[in-house]
Every structure is written in structure tokens, then in C-alpha cells.
Amino acid sequence: FALAFFIASALATQRRYDGYQVYQVKAKDRVSFDVLVKLYNERSDVYDFWTEPRYVDFTTDVMVPPAFTKTFVDVLEAFNMEYHIKIDDVQQEIELSRLDIAPPLAPKKALQRSPGTPRYSLDWTSYSDLPAIYEFVNEIAATYPNLVTVTSTGQSYLGNDMPILKISTGGSGKNAIFAEGGIHAREWISPAFVTWLIRELVENYAAHPQYVDNIDWYIMPVLNPDGYTYTFSPTGDRLWRKNRAPNSGVCVGTDLNRNFDYYWNTGGSTSIECGETYHGGAAFSQVEARNVRDAMLSVANQTKVYFSFHSYGQYWLTPWGYTSALPDDYQDLYDLAQSAVDKLTAVEGTPYTIGTSTNLLGLASGCSDDWAKGGAGIKYSYTVEMRDTGRFGFQLPADQILANNLEVWEGVKVVAEAVMLM
Ligand code: ARG
Ligand code: ZN
């Protein structure tokens, strides 16, 4: 038995992507665009659209398994689409980016925390796993009890805690900003930004006290802790997106960002359990989505802004995602986004595109941002798709974490300034 166990664990390996290729595809007319959308909607168990098909003449990134590259290229050529291979072997990229992960936490020594200094391993020069993020959250809360309160919103399917930090100087009735990250497991820059945002607000409080004196912040760094863990696991999958709750068949996981109850399952999601955008058996069927929902509802009356941080594409998105129609107050959302992006881009020229999710990325219903606005009544609901535009995609090199964070923070500050005056 011991030998069998030894062999099994030696063979256990992370999902491999040998021979998987990422194609950048451009449909040049309506007919071929519709073909792409059909693949996206109906074959999402095979083709992993890293970016959604947008519209005619725009490019889409699709990861294709080796067994399907021939079929895929045949379709592209039959419909006269423009394409090139952007990543020739996804496995190679995964191996290169492994250097970007922080080493696992050392076993906690019985050291006393020296007063006033949190001890955590996050330094935003590498990506940190879930235990390191929990350690960070707990240390920050223990070190700054006057600014930070941590509570649990509940557990994930696999029993991982889903903490929420309230960053506040007290008082009541203040305007609030609700920010979250990590709803999609493979988008590692998202928790890396959100944890940094916590650090900036708390540890750098003295540099800009107005943002915390006048605003209550509710921050959840990892909405999909099971999926996130799976992307780090030696037996997991670096490119996992969904949560890790089982379905009726063999395929695991629901796309939490298709599981929210605002025009749920009305387009841009799939009922294929194996699909990357599987919307779940019912709206809010997933405990992680319910935990966020309840956390948001409990502070919705004071919350002016909802931020969902994702990657990649460099978009500052507004609702709606379920329809191409604009919200009545679209101009307000757009104007604030424009001021934010102006400051963001001024840092080092990183361009961002502003618009509604549907109009920029195509229909996607059941998303958290639509629910935040339509369901919870939070006027300014934004999904921010951070770096890059696809050179590295989900595997943004760790040496870009700080640059990403600094520029997005400039945008967030603009929004915070506006919230103070609302
Ligand atoms: N790429 C994100 C996703 O697929 C975008 C979500 C944007 N929001 C929306 N309502 N469609 O989840
Ligand atoms: Zn995402």
C-alpha cells in the first residue's frame, strides 16, 4: 500500500497543457463572427476563450487543445478568418511562470509579533497562495485594530473561509466602497491587487487619511478560494476559472460570475457543465456567490461603488452585461470611469477601454456587476479587467504586479474622491 501511495503521488501532477495553443482570431464578416460565437457558446468544453468574441474585425484569444487544432484551423480557413498562433505551447509558459510564485509559508514560529509590525510574506513581487493571503489578512487586522475589522462571510464549498475586511475609522452612515477580487481562479493579478489595496489603505493611511476617514471600505480579496487553491496545487490546474463544487456529471465547477440573480441565464453563459462559463443549476446555486450577495446586501444602503477586479484586457467596464441597452445613468458611470482611466493611464501610458460589458465583450449574464447595480442598487458598479492585453494573459509576470497596482490605484483614488462628495 505504501508503495502504491508513493507511486500515485509521484504520478500526480498538475493538469498539463502540452501542445495547447492560443490563437488570436479575427472574424472579418458577420457570418464568420457568428461561427466564432457559436463555438464560444456551444463548444466551451473544448475551446477556452481567454477573451470573448467581441464583434466583427476585433481579435479574440482562444486556447485550443492539441486534438482540436486541426479542426479549429480548418474552420478558421473555411470561413476566411484571420489568425495567428499567439502562444505555441501553453505548458511552456506555465513552467516559465512557476518562478513567479512565492515559496510556501514557513511553519509559524512561536515568535511574538513586535507591536506595530504585521508579519506576512506578501511583497507583491510574486504571487501568493491562499494561506499567505489569510496570514496577511489576519496580521493586518491584528496590527491595526483601530482601522481594520475582519469578519467571515461564510465558507466556500470546500470549507475555505471567505473573509471580508472593513477598513474604517468608525462613525456611521459614511459612504462606502465594496471591492472584491479572485472570483475567477486563474486571474492571479486580481487578489494581488486587492491585497495591495488593503495594504495601501491601512499601512499607508497617514499618506492619505482622507480616503479612510471619509469612506468605509468593504474588501473581499478572494471570492473563489477553492478555485484559487486549485490553480496553485501541484495536482490542480493553473488555468482553472470556475469554483470547485461538483456538478451532476464528471465536470467540476460553476462560473461564479455567471451565477448571480440578475437576468441570470439570459445569454453569454452556458448550461454545459463542462463549459468555462457554466452558469450553475440555478441563480445563486453556489455558496460563494451567496456569501458575497449577503455581504453586499448587508451594506448596500451605504455603498456607492462596487468594484470587481479581473484580468485581462485593460477594460474599465460598466453594466450591463446581459443586454446591449445602456443603464439610464450610463453617462454618470462613464464620466467617472473616464476620469479614473485618465489618471490610471497617466502613470505610464497603459491604455484602458471604457464601455459596457456587452458592448465591449459581448453578452454575459448572471455577472456580479449587473447584480450589484440591478439587484443591490449600487449605482456605480464596475468590473475592471486589469493587465495585460494578452501577451501573457492570465500569467502576467510577477514583475508587473506593482506597476499594475500603482496605476489601478490612481484610478481607484479618483473614484474615492468622487465617493466623498456623493
Ligand atoms: N470577463 C468577465 C467575465 O467573463 C467580464 C464580466 C463583465 N461583466 C458582465 N456583466 N458581463 O466574467
Ligand atoms: Zn474574470
Side-chain angles (χ1 to χ4, degrees), residues 37 40-41 44 47-54 58 60-63 179-194 222-224 227-228 231 239-243 253-270 275-280 283 286 288-289 292 306-327 330 333 337 352-376 378 380-390 393-396 408:
V37 171
Y40 172 62
N41 287 328
S44 62
Y47 301 108
D48 185 356
F49 280 75
W50 286 15
T51 61
E52 299 83 352
R54 293 169 64 189
F58 267 81
T60 302
D61 300 340
V62 192
M63 181 172 72
E180 49 81 356
I183 197 169
H184 288 141
R186 63 193 175 186
E187 299 166 9
W188 284 5
I189 187 61
S190 170
F193 172 72
V194 175
V222 193
L223 287 197
N224 178 7
Y228 191 67
T231 62
L239 294 174
W240 193 258
R241 166 183 169 102
K242 303 188 286 182
N243 75 352
T254 293
D255 184 351
L256 295 174
N257 207 29
R258 297 293 183 277
N259 193 235
F260 284 71
D261 191 12
Y262 193 71
Y263 291 90
W264 175 79
N265 185 15
T266 58
S269 65
T270 182
E276 292 292 348
T277 54
Y278 175 53
H279 45 56
Q286 301 304 299
E288 295 88 352
V292 190
Y306 168 73
F307 274 122
S308 185
F309 290 99
H310 290 245
S311 71
Y312 60 93
Q314 298 170 198
Y315 298 102
W316 194 292
L317 302 170
T318 80
W320 306 110
Y322 79 91
T323 171
S324 58
L326 304 177
Y330 179 66
L333 275 77
Y352 269 63
T353 310
I354 306 164
T356 79
S357 290
T358 302
N359 295 330
L360 292 180
L361 305 180
L363 274 188
S365 61
C367 295
S368 67
D369 50 3
D370 280 7
W371 181 83
K373 184 168 182 60
I378 300 170
Y380 292 91
S381 174
Y382 293 122
T383 292
V384 181
E385 298 274 0
M386 298 183 290
R387 289 191 186 193
D388 56 11
T389 55
F394 304 117
Q395 313 192 64
L396 186 72
V408 176

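Whatever order the structure lists them in is the order used to number ligands and atoms, beginning at 1. On a predicted model such as this, the values are computed, not experimentally measured, just so you know. Atom set for the values below is all heavy atoms of this structure, side chains included, hydrogens, waters and symmetry mates excluded.
- Between Glu385 and ligand 1, a contact under 3.5 Å exists for at least one N or O pair.
- Relative orientation of the Tyr380 and Tyr382 rings is tilted, given thresholds of 30° and 60° on the angle between their planes.
- Between Phe260 and Trp371, the ring-plane angle classifies as tilted under the 30° and 60° cut-offs.
- Ion pairing of Asp48 with Arg186 is present here, as a side-chain N (NZ or NE/NH1/NH2) and a carboxylate O approach within less than 4.0 Å.
- A donor atom on one side chain and an acceptor atom on the other are found under 3.5 Å apart for Gln286 and Asn243.
- Remark: minimum distance from atom 10 (N) of ligand 1 to any protein heavy atom is reached at Asp369 OD1, 2.8 Å.
- Both the backbone and the side chain of Ala364 come within 4.0 Å of ligand 1, judged by heavy-atom distances.
- Ordered by chain and number, His184 ND1, Glu187 OE1, Glu187 OE2, His310 ND1 make up the set of protein N, O or S atoms under 2.8 Å of the Zn ion (ligand 2).
- Taking distance alone, with nitrogen or oxygen atoms compared against 3.5 Å, Ser357 approaches ligand 1 more closely than that limit.
- Close contacts between ligand 1 and Gly321 involve ligand atoms 9 (C), 10 (N), 11 (N) [criterion: under 4.0 Å to a heavy atom].
- The main-chain N or O of Cys367 is never found under 3.5 Å from a side-chain atom of Asn257 such that the two would form a donor-acceptor pair.
- Between the side chains of Thr383 and Asp369, a donor-acceptor pair is found at a separation under 3.5 Å.
- Considering backbone and side-chain N/O atoms, Asn257 comes within less than 3.5 Å of an N/O atom of ligand 1.
- Atom numbering of ligand 1 starts at 1 in the shown order; those under 4.0 Å from a heavy atom of Cys367 are 8 (N), 9 (C), 10 (N), 11 (N).
- In the candidate list Lys373, Arg258, Glu276, Arg258 is nearest to atom 3 (C) of ligand 1, counting heavy atoms.
- Of the possible donor and acceptor atoms, one in the side chain of Lys242 sits under 3.5 Å from a partner among the backbone N and O of Gly253.
- For the residue pair Ser368/Tyr306, the side-chain donor-acceptor check at 3.5 Å is satisfied.
- At least one heavy atom of Arg241 lies less than 4.0 angstrom from ligand 1.
- Aromatic pair Tyr352/Tyr315: ring centres not closer than 6.0 Å.
- Of all atoms in ligand 1, numbered sequentially from 1 with element shown, those under 4.0 Å from a heavy atom of His184 are 3 (C), 12 (O).
- Using a 4.5 Å heavy-atom threshold, the side chains of Met63 and Leu239 count as touching.
- Using modelled atom types, one finds no donor on one side chain facing an acceptor on the other under 3.5 Å when comparing Thr389 with Gln314.
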